[in-house]
Amino acid sequence: MTTTTTRPTEADDTKSYAPETTVRKRKPGILPETGSPAVRPPSAAHLSDEQVAELCRELDAIKDDVLAKRGSADAAYIRRVIKVQRTLEIAGRAALIGAGRNKYAWVAGTAMLSASKIIENMEIGHNILHGQWDWMRDPDIHSTTWQWDFMTPARSWQHTHNDQHHRWTNVLGKDKDVGYNLLRMDPDQQWKPVNVLNPVFNAILAPVFDWGIALYDLEITELKAGEKSKEDFIRDLKAFGKSAMNQVTKDFLATPALGMLSGSGKQALMGTLVATATRNIWAHAVIFCGHFPEGAETFSEEMVDGETRGDWYVRQMIGSSNISGSKLMHFMTGNLSHQVEHHLFPDLPSNRYAEVAPKVREICRRYGLPYNTGPLYKQVGSAWAKVFRLALP
């Protein structure tokens, strides 16, 4: 049974826009309000059950406050972002198609297309697929209907990311996002000789991150282990094939073909390749900064045995890392620079994380919990240092 960690909201009764056949049927579960795990993580071992319950109430109050204020300004924000993204994409492709042989037009077109891909993937697609905008009841901006500019099908990603990763964040043996079945990212993961290639694998993964995530979302490891049926695998493989064909056709066939009409076919192809790789490298960096720098903790299955909602909140805070920086940087990360807040409240509108962050940080201070944050260069360097260090036994 797949469980969920958020309380039901008004968004839950709106997910009826997609056909039944495209949505996995899951029976939701709710974590208990009271109790205690078998053992708490070391950095939270000093907390009593009563303190964890009180922390839970404080974080619930923060979420409820945002839900109460959520309204037309938030809806206008996401619609404005979508308009900007689509304008950048159209302008970028037009520049590559019509004047790609002019180096200035090529640079401008590639830059605009890169920015549009980053914004669509990070601030729009990722957050819409989390259900952050379902409350608008807009069938065009909804977690069951949105098809993003990424190789992996939306439904497959929602299963591995929303249902599994966010429920079991950094729990070794349960959260397969720890290394994506490819990298050794924690010392408690058994070392194998192939792990000496950790840095090589990670360097290859970054520019083709969309392909890597798509293959990971097929759950080939689960298929081999008998944890996924052949029928489910074939269904997901067909969905992946359709999604990949759409992406390849749009970026690497249609755009260059139109560019050939103006003699810019090769330039248009190179521009879409660079824009896609740029998006992938940026997304890879942001994701690794949020989950793998020094200070982002991992957990044993014993630590989630008997876990309450409050303990789940604690695990999100100490298992995630933020990136400090400007408003533009936060926007271009899809506000995943507020990874701690995102993991606490994955279904809150992303534009609200900045106002929530100081409150979360203050709660961490009062309860003696770490709040991991730092500039981009520091978090990227820390994550890569771990990749190199864990290549060795």
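Side-chain atoms of Thr160 and Glu219 form no donor-acceptor pair, as typed in the model, at a separation below 3.5 Å. Checking Asn322 against Gln339 by side-chain atom types alone, no donor-acceptor pair falls below 3.5 Å. With 3.5 Å as the limit, one finds a donor-acceptor pair spanning the side chains of Ser36 and Asp49. No side-chain donor-acceptor contact under 3.5 Å links Glu33 and Thr308. If you check the side chains of Glu58 and Tyr367, you find a donor sitting under 3.5 Å from an acceptor. Side chain to side chain, Asn127 and His342 fail the donor-acceptor criterion of an N or O pair below 3.5 Å.
Side-chain atoms of Asn170 come within 3.5 Å of backbone atoms of Gly319 as a donor-acceptor pair (strictly under, hydrogens ignored). Judged by distance alone, with hydrogens and angles left aside, the side-chain atoms of Gln247 form no donor-acceptor pair with the main-chain N or O of Ala244 at under 3.5 Å. At least one donor-acceptor pair under 3.5 Å links the side chain of Thr255 to the backbone N or O of Lys250. Formation of a donor-acceptor pair under 3.5 Å by the Arg40 side chain with backbone atoms of Asp311 is not found in this model. Side chain of Arg352 to backbone of Lys69: a donor-acceptor contact under 3.5 angstrom is found. Between the side chain of Ser262 and the backbone N or O of Ile97, at least one donor-acceptor pair lies under 3.5 Å. Counting only distance, with no hydrogens or angles, the side chain of Asp236 and the backbone of Phe233 share no donor-acceptor pair below 3.5 Å.
Ring-plane geometry between His130 and His166 is classed as perpendicular, the angle between the planes exceeding 60 degrees on a 0 to 90 degree scale with a lower cut at 30. Note on ring orientation: taking the six-membered ring where Trp is involved, the planes of His330 and His338 are parallel (angle under 30°, cut-offs 30° and 60°).
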From CA spacing to verdict: side-chain hydrogen bond (donor to acceptor under 3.5 Å, both in side chains), Glu123, Asn335: CA-CA 7 Å; Glu123 181 67 347; Asn335 279 290; 3.3 Å; yes
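To the nearest 0.5 Å, atoms OG1 (Thr87) and CE (Met112) are separated by 10.5 Å. Taken to the nearest 0.5 Å, the CZ atom of Arg235 stands 11.0 Å off from the CG atom of Leu218. Expressed to the nearest 0.5 Å, how far CZ of Phe209 lies from CZ of Phe288 amounts to 6.0 Å.
Here the rule is side-chain hydrogen bond (donor to acceptor under 3.5 Å, both in side chains) with Lys117, and of Thr272, Asp149, Thr278 only Asp149 fits it.
The existence of a salt bridge linking Glu341 and Arg361 is excluded, since no basic side-chain nitrogen approaches an acidic carboxylate oxygen closer than 4.0 Å. Under a 4.0 Å N-O distance rule, the pair Asp65/Lys359 qualifies as a salt bridge.
Two rings, from His343 and His291, have their centers less than 6.0 Å apart. Proximity of the aromatic rings of Trp146 and Trp133 is defined here by a centroid distance below 6.0 angstrom, and this criterion is not met. The distance between the ring centers of His126 and Trp148 does not fall below 6.0 angstrom.
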